[in-house]
Structure formats: structure tokens, C-alpha cells
Amino acid sequence: MSTPTEDQPIIAEDLILLDADLGESKAAVIERLAGVLASAGRATETDALRDAALARESQSATGLPGGIAIPHCRSEAVTSASLGFARLNPKVDFGAPDGPADLVFLIAAPAGAGSAHMKLLSSLARALVKPEFVTSLRNASSAAEIVTLVDGVINPAAKPAVAATAAAGPVSTAKHSVADTSAEASSAPKHIVAVTACPTGIAHTYMAADSLVAAGERAGVTVHVETQGSSGSTPLDPALIAGAEAVIFATDVGVKGRERFAGKPVISSGVKRAINEPDVMVTEALRAGLNPDAARVGGTAVAAGSNESAGDIGWGTRIRQILLTGVSYMIPFVAAGGLLIALGFLLGGYEISGVAEDIVVNNSITALPEGGLAAYLGAVLFQIGALSFSFLVPALAGYISYAIADRPGLAPGFTAGAVAVLVGAGFIGGLVGGLIAGFVALWISKWKIPAVLRGLMPVVIIPLFATLIVGAIMFLLLGKPLAAITSGLTNWLNGLSGSSVIILGIILGLMMCFDLGGPVNKAAYSFATAGLSVTDIASLRIMAAVMAAGMVPPLAMALASTVRARLFTEAERENGKAAWFLGAAFISEGAIPFAAADPFRVIPSMMAGGAVTGAMIMAFNVTLSAPHGGIFVFFAIGNILWFIVSLAVGTIVSAFLVVSAKQFVKGKNALSDAELDRTLVTV
């Protein structure tokens with residue numbers, strides 16, 4: 001076995017299989033190619049590389065028109081950026097729209113691959129849209145000939161004629177004279193700008209770019225593409241954007257710098273549509289450029305979803321994405337502030353909350369409680385944490401607004417959140433205020449104003465008027481009603497006792513274990529963390545129930561895969577070892593591999609255990625003043641013995657149920673148990 005080095009060529013003869021029968025499924029093909037790379041010293045283990053490639057495959061199929069497939073991944077197991085190649089006989093289905101593939105490249109990149117390696121891999125992806133290159137691969141008579149062909153496109157110096165495509169940097173451009181090919185086209189030169197991006201940023205990003213460029217050549221229009229991939233991104237010239245007829249967003253992830261395209265007609269889709277239907281997308285873009293009613297970017301992600309033919313999403317999904325954006329940006333403020341507050345309580349005692357500001361700001365030693373230096377440090381930590389926590393609602397509202405209207409929505413969104421805090425509307429006020437601020441900013445962005453003022457829109461006009469409008473709405477109309485709702489909810493929680501509080505614990509436990517970091521989980525977590533700023537007993541009990549229930553899924557899967565290992569695949573058993581720590585640290589996502597592989601038996605089992613834990617936490621008056629950290633923030637847990645007991649009981653219940661389900665209930669997975677080894681998504 002060779003020793004991998006950074007100087008190893010990306011492809012070599014020992015990485016090539018010609019006219020090979022590698023099995024009937026893409027999982028089998030990927031596993032064989034992963035084994036070839038591992039045997040050549042390009043990866044530390046076959047299973048890890050196989051699982052990483054199949055995890056990427058589960059996001060979207062990698063089969064391409066023309067009998068090509070490009071499974072690809074980044075993985076810690078890869079020691080040197082490499083290409084494994086198989087010319088298959090018989091062909092195998094990789095999900096391409098026109099049938100199975102006979103040419104398969106496994107593109108394997110190290111987790112921290114440098115830009116030079118990523119550019120070489122992207123060059124291969126670009127070449128695969130060239131029919132002459134694909135024909136040469138099919139006609140090659142030896143592995144050495146395949147190496148020469150591939151080296152010609154990933155190494156421009158080796159074969160200039162072929163490398164013309166590969167040499168293109170992150171911005172791909174087709175420059176040809178423009179012909180009037182339709183009645184809609186004018187005689188003036190036209191160009192379109194586009195952005196392509198896929199989750200991995202290795203292959204589809206660049207293939208989509210070159211497909212659009214080639215389609216532009218056929219339509220007689222220049223296409224400039226900004227590839228936001230792993231080999232870096234060279235932003236399009238603002239002058240090109242300003243003069244473009246329209247913009248195409250062919251992405252599976254967010255567009256970086258979307259506001260640069262504000263006001264442009266937009267055609268939006270996933271990245272694979274640009275590979276499969278580039279001519280259609282170019283035609284749609286040209287028509288959109290002539291249509292005054294076409295969907296426009298307008299500085300907002302909403303506009304991109306408004307064209308149904310370009311991959312529209314429903315408003316229910318869109319609102320969920322908007323709210324989750326706000327929550328995701330809010331959580332760092334919660335984690336930092338909450339943990340610092342908890343540390344302040346540890347050092348200074350709970351009474352430190354009443355005197356911390358006086359001690360820190362006014363340097364009033366007379367206000368210092370017993371404890372000396374420890375109490376003073378506790379006051380400092382508490383005050384820093386309180387200041388960080390004070391951004392919770394403004395950050396939530398600000399980034400909800402940002403998700404709707406991009407950067408122009410930040411100022412009005414943060415202002416709406418600050419007003420919500422001022423009038424006592426709290427977390428609910430932040431949600432409502434952020435939505436109003438975002439949609440008001442979006443509405444203002446569509447105003448027709450003189451061209452001379454357009455440059456002031458995102459930095460002056462939109463923030464000014466949106467802030468004024470949302471501030472007035474919050475102060476004059478919604479502030480007091482929302483504050484009354486928040487106050488009523490707080491009083492109701494404080495008044496819960498007996499069976500009512502146990503039912504609340506069950507509901508929170510079910511929510512935390514349902515989607516493991518998804519919107520339902522995040523809703524329960526956000527509800528709990530918002531209450532930490534109040535620090536009443538009811539809120540601290542809710543936080544304890546949410547954290548303990550969220551720890552159950554990974555701990556239960558770790559326990560189950562340990563005591564009944566034969567019911568789990570080898571990859572699941574390995575994930576189970578890591579899940580012990582993940583569960584202890586309150587990282588619910590540690591159970592995702594198990595839930596993804598066997599959802600119908602695993603998820604209900606986890607929910608049952610989470611419900612038991614949530615109910616017990618509430619019943620035994622356990623409290624928690626830290627928003628994260630699991631058992632490692634033991635100092636912030638009140639009645640810690642019952643916290644541990646509740647967690648242990650819920651974990652045992654879930655583990656027992658999942659073991660019983662796997663042993664006695666027939667699985668309803670789309671894949672067989674053997675295939676699950678190959679499709680498991682590792683954390």
C-alpha cells in the first residue's frame with residue numbers, strides 16, 4: 001500500500017476499473033470504488049469513505065444525462081484528493097433522468113482539501129459536459145489512456161486543447177456574438193448572469209456552470225457564471241450584473257451576496273436542473289428579461305421562490321425557514337449569555353442577580369455579598385451574560401427580518417425586537433415584530449423610485465422607512481396586546497401544578513425527540529430559552545425538561561447499540577460509541593444516523609423516552625439556569641439527583657422500546673438491513 005502524500009496525482013492506473021461488473025446498485029459500485037481508493041492508500045478505511053459518499057448521494061442523485069455518474073464527498077477518511085473511475089458493464093442506475101450510467105467517477109476530497117485540489121476536481125466536472133471527452137472515455141482501451149485523458153483536463157499544461165474548459169476559473173463565461181434567434185430577441189447584445197452552488201461544492205456547481213455557458217452559446221447569448229464552490233468564488237463584476245438581462249440562480253444552498261442582484265428578473269432552481277435543462281433555463285431567463293411582471297430578486301430570498309417552474313416552495317415551508325433562520329442566529333446569544341449567567345450563579349450565588357449591575361458598573365464594593373473575590377467574579381460573569389442575553393429578542397427579530405428582506409431588513413428587525421423588549425412583549429413580540437419588519441422592508445424595496453436614488457435604497461431608504469413603520473406599529477398597535485399575551489403565558493406557567501405541569505413536560509419531551517434539531521425541536525428549545533431571561537421557577541423547570549429530554553435520544557441509541565449490538569449495523573455501533581458523549585453534552589443530533597436509517601422504529605421509541613423524562617423533570621421540580629451543556633453544566637441544575645434519575649429512566653425506556661421494535665417489529669424502511677450499512681448518514 002502506498003503512502004499518501006500531497007504530491008500524489010489525483011488519478012492513477014490503480015484507481016481505474018474498466019468494463020467491470022460491480023453489482024446491481026449504486027451503493028455496491030460506490031463501495032467497490034471506495035475499496036479501490038483505500039487499497040491504494042488514498043483513504044484510511046473503506047466504510048467511512050463509502051458512508052460519506054452515500055450520505056451525499058442521499059441529498060440528491062449524482063447521475064447525469066449521457067450515462068455518467070459522479071458520486072462525491074469530503075471525508076476525514078480521505079488522505080489525498082483522488083478520483084476512482086469505473087467503466088461499468090452492465091450499467092447501474094444512479095438516478096439520471098435518461099437511464100443508468102456506465103461511466104462512474106468517485107470524487108473523494110479530504111475534509112480540509114486545499115483550493116488547488118478542489119480546482120482540479122472541479123475541472124474534471126466541467127469536462128464531463130463535453131461530449132468529445134465522454135466519448136473518449138468510452139473508447140479508451142487501457143487504464144493508462146484514461147489517466148492521460150483525465151490528466152489532460154485537470155492539468156492545463158498537459159493538454160492545452162482540452163484544458164481550455166478546465167482552465168476557466170470560478171467565473172465561467174461564454175463570449176460569442178449574439179444572434180437574433182427568436183422573435184423576442186432584440187438586435188442589441190445581451191448577456192445573462194448566473195450563480196451555481198451545490199451543498200458539497202465539488203462537482204455539480206461547476207458542471208451546472210459549464211452547462212449554462214454552453215446553452216448560452218447555442219442561444220447566441222453570453223452567460224457569465226459565478227461558481228460558489230469549494231475552489232473559491234470570484235464575484236461577478238458589478239458592471240456585468242448591472243447590465244444583465246436576467247439572473248439565474250441554480251443552487252441547492254443559499255446564494256452568497258444575493259443583494260448584489262437586487263431588481264434583476266430571476267429564474268431559480270436546484271443545481272441539477274441547470275445540468276439537465278440548461279437550454280430551457282436560458283430561454284426562461286431571456287423571456288423574464290422582457291417581462292415587466294417577472295419575479296425579481298429585489299434583495300430577498302422570497303423572490304427566488306416565486307417562479308413555480310423554477311422550483312417554487314410553499315409559503316408554509318418558507319415561513320418555517322424564515323423563523324428557523326431567526327432562531328439559528330439567536331442561539332449563540334442564548335448559549336453564551338445563559339452559560340455566563342449560570343457561571344455567575346455558581347460563583348456568586350443566586351442573590352448576585354440583584355446586585356451585579358451595581359457591583360460591576362458602579363464598582364460598589366458595599367453591595368458585594370459574602371464570598372469575596374469569587375462573588376465579585378460571579379457578578380462580572382453574570383453582568384456580561386445578562387448583556388449578551390439582552391440581545392436574544394432583538395437578534396431573533398433582526399434575523400427573521402433578514403431572512404425575508406436580506407441586509408436592508410436588519411435595522412428594522414433589530415429595532416422591532418428592541419421595542420418588543422421595551423414594552424414587555426418578549427419572545428412573542430420578537431417573532432411578530434421580525435415578520436412585520438421583514439415584509440415591510442420587502443415591500444419598500446419594490447417601490448418605484450428615480451434611478452439616482454436607487455443606490456440609497458438598501459442603506460438609507462429601506463432601513464429608515466421600515467424602522468419607522470414597524471416601530472410605530474409595535475408601539476401604537478401591537479406592543480400592549482403582545483405584552484398581555486406574554487404576561488398571561490408567564491402567569492399561567494407559574495400557576496401550573498400537579499397534572500398540568502406534568503402534561504407540559506410530556507409535550508416538551510415529545511417535541512424535543514421528534515425531529516432532533518428540526519423545526520419542532522427548535523420551537524420547544526426556543527420556548528425554553530426565552531424564559532431564562534425571566535428566571536422564575538416555572539421557566540427554569542421548562543429549561544430542565546427540554547434539555548433532559550433532548551439528551552435522551554443519543555443516550556438511548558448508545559445504550560441500545562451497546563446492549564444488543566447484533567440488532568445494529570457496524571456503522572451504527574460505531575456511531576453509538578460517539579453518541580454517549582453527544583447525549584451527555586445535549587447534542588440531540590447524535591441520534592440522527594439511527595433515526596435516518598430506521599425512522600419508523602427509532603423515532604417513536606425516542607419520543608416515548610423523552611416524554612417520560614420531561615414528565616419526571618416537571619413532577620420532581622428540577623430546575624436549570626443554563627441553556628446548553630448537558631450534564632457538564634451540573635452546577636446550574638437544581639435538584640440534580642432527580643435530573644439524573646429522570647434522564648436515566650427516559651434513556652432506559654427508549655432503549656428498551658427500540659430494541660424491542662427492532663427485534664419484534666418488521667422494519668418499514670425502503671432499504672434492506674444490508675443496504676442500511678451503506679446508506680447510513682454519519683454525524
Side-chain angles (χ1 to χ4, degrees), residues 76 327-328 330-343 345-346 381 385 388-389 508-509 511-518 520-522 524-529 532 540 542-562 572-596 602-603 605-607 609-610 612-614 616-617 622-655 658 681-683:
E76 297 286 353
V327 170
S328 67
M330 175 196 77
I331 286 175
F333 292 96
V334 174
L339 288 171
L340 287 170
I341 288 174
L343 287 170
F345 286 149
L346 175 66
L381 292 175
S388 176
F389 222 89
L508 292 172
M511 293 176 68
M512 287 301 295
C513 299
F514 174 67
D515 55 358
L516 305 174
V520 176
N521 172 285
K522 284 291 188 291
Y525 181 72
S526 299
F527 174 66
T529 54
L532 287 179
L540 298 183
I542 290 171
M543 188 70 250
V546 163
M547 183 179 289
M551 295 167 68
V552 166
L555 290 176
M557 295 306 104
L559 177 61
S561 62
T562 299
E572 284 177 319
R573 291 193 291 271
E574 288 300 314
N575 280 318
K577 296 175 183 177
W580 286 112
F581 174 79
L582 296 174
F586 181 42
I587 302 175
S588 302
E589 289 83 350
I592 286 178
F594 301 90
V602 169
I603 292 177
S605 302
M606 294 189 304
M607 292 175 67
V612 170
T613 294
M616 292 183 65
I617 290 289
V622 179
T623 61
L624 175 63
S625 58
H628 215 294
I631 200 64
F632 300 104
V633 291
F634 61 89
F635 54 84
I637 301 173
N639 211 348
I640 189 170
L641 176 62
W642 279 112
F643 181 92
I644 295 173
V645 170
S646 302
L647 178 60
V649 171
T651 297
I652 293 170
V653 167
S654 282
V658 77
V681 181
T682 56
V683 173

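Legend: residues meeting ring pair (Phe, Tyr, Trp, His ring centres under 6.0 Å) with Phe514, ordered by chain and number and at least two apart, are absent. Phe581 meets the ring pair (Phe, Tyr, Trp, His ring centres under 6.0 Å) test with Phe632; sequence neighbours excluded. Qualifying side-chain contact (heavy atoms from CB on, under 4.5 Å) partners for Ala560, counting only residues two or more places apart in sequence or in other chains: Phe568, Ala655, Val658, Val659.
The distance from atom CD1 of Ile652 to atom CG of Leu555, rounded to the nearest 0.5 Å, is 11.0 Å. Summarising the geometry, atom CE belonging to Met511 is positioned 10.0 Å from atom CE belonging to Met607; distances are rounded to the nearest 0.5 Å. Expressed to the nearest 0.5 Å, how far CD1 of Ile637 lies from CG of Leu540 amounts to 12.0 Å. Expressed to the nearest 0.5 Å, how far CE of Met616 lies from CZ of Phe643 amounts to 12.0 Å. Going from atom CH2 of Trp642 over to atom CD1 of Ile617 covers 10.5 Å, rounded to the nearest 0.5 Å.
No side-chain heavy atom of Phe586 sits less than 4.5 Å from a side-chain heavy atom of Ile631. Taking 4.5 Å as the limit, every side-chain heavy atom of Val649 sits out of range of all side-chain heavy atoms of Thr613. Contact annotation: the side chain of Met543 approaches that of Tyr525 to within less than 4.5 Å [non-hydrogen atoms, C-beta and beyond].
Looking at every heavy atom in both residues, Val552 comes nearest to Ser654 through CG1-OG, 3.6 Å. Among all heavy-atom pairs drawn from Gly583 and Pro554, the shortest one is CA-CG, 3.3 Å. A pairwise comparison of heavy atoms in Met551 and Ala584 identifies CE-O, 3.5 Å as the closest pair. Closest of all the heavy-atom pairs between Gly509 and Ala549 is CA-CB, 3.6 Å. When all heavy atoms of Asn639 and Val622 are compared, the pair lying nearest together is O-CG2, 3.8 Å. Residues Gly576 and Ala558 share a closest heavy-atom pair of O-CB, 3.2 Å.
Panel note: side chain Ser588, backbone Gly550; a donor-acceptor pair is recorded below 3.5 Å.
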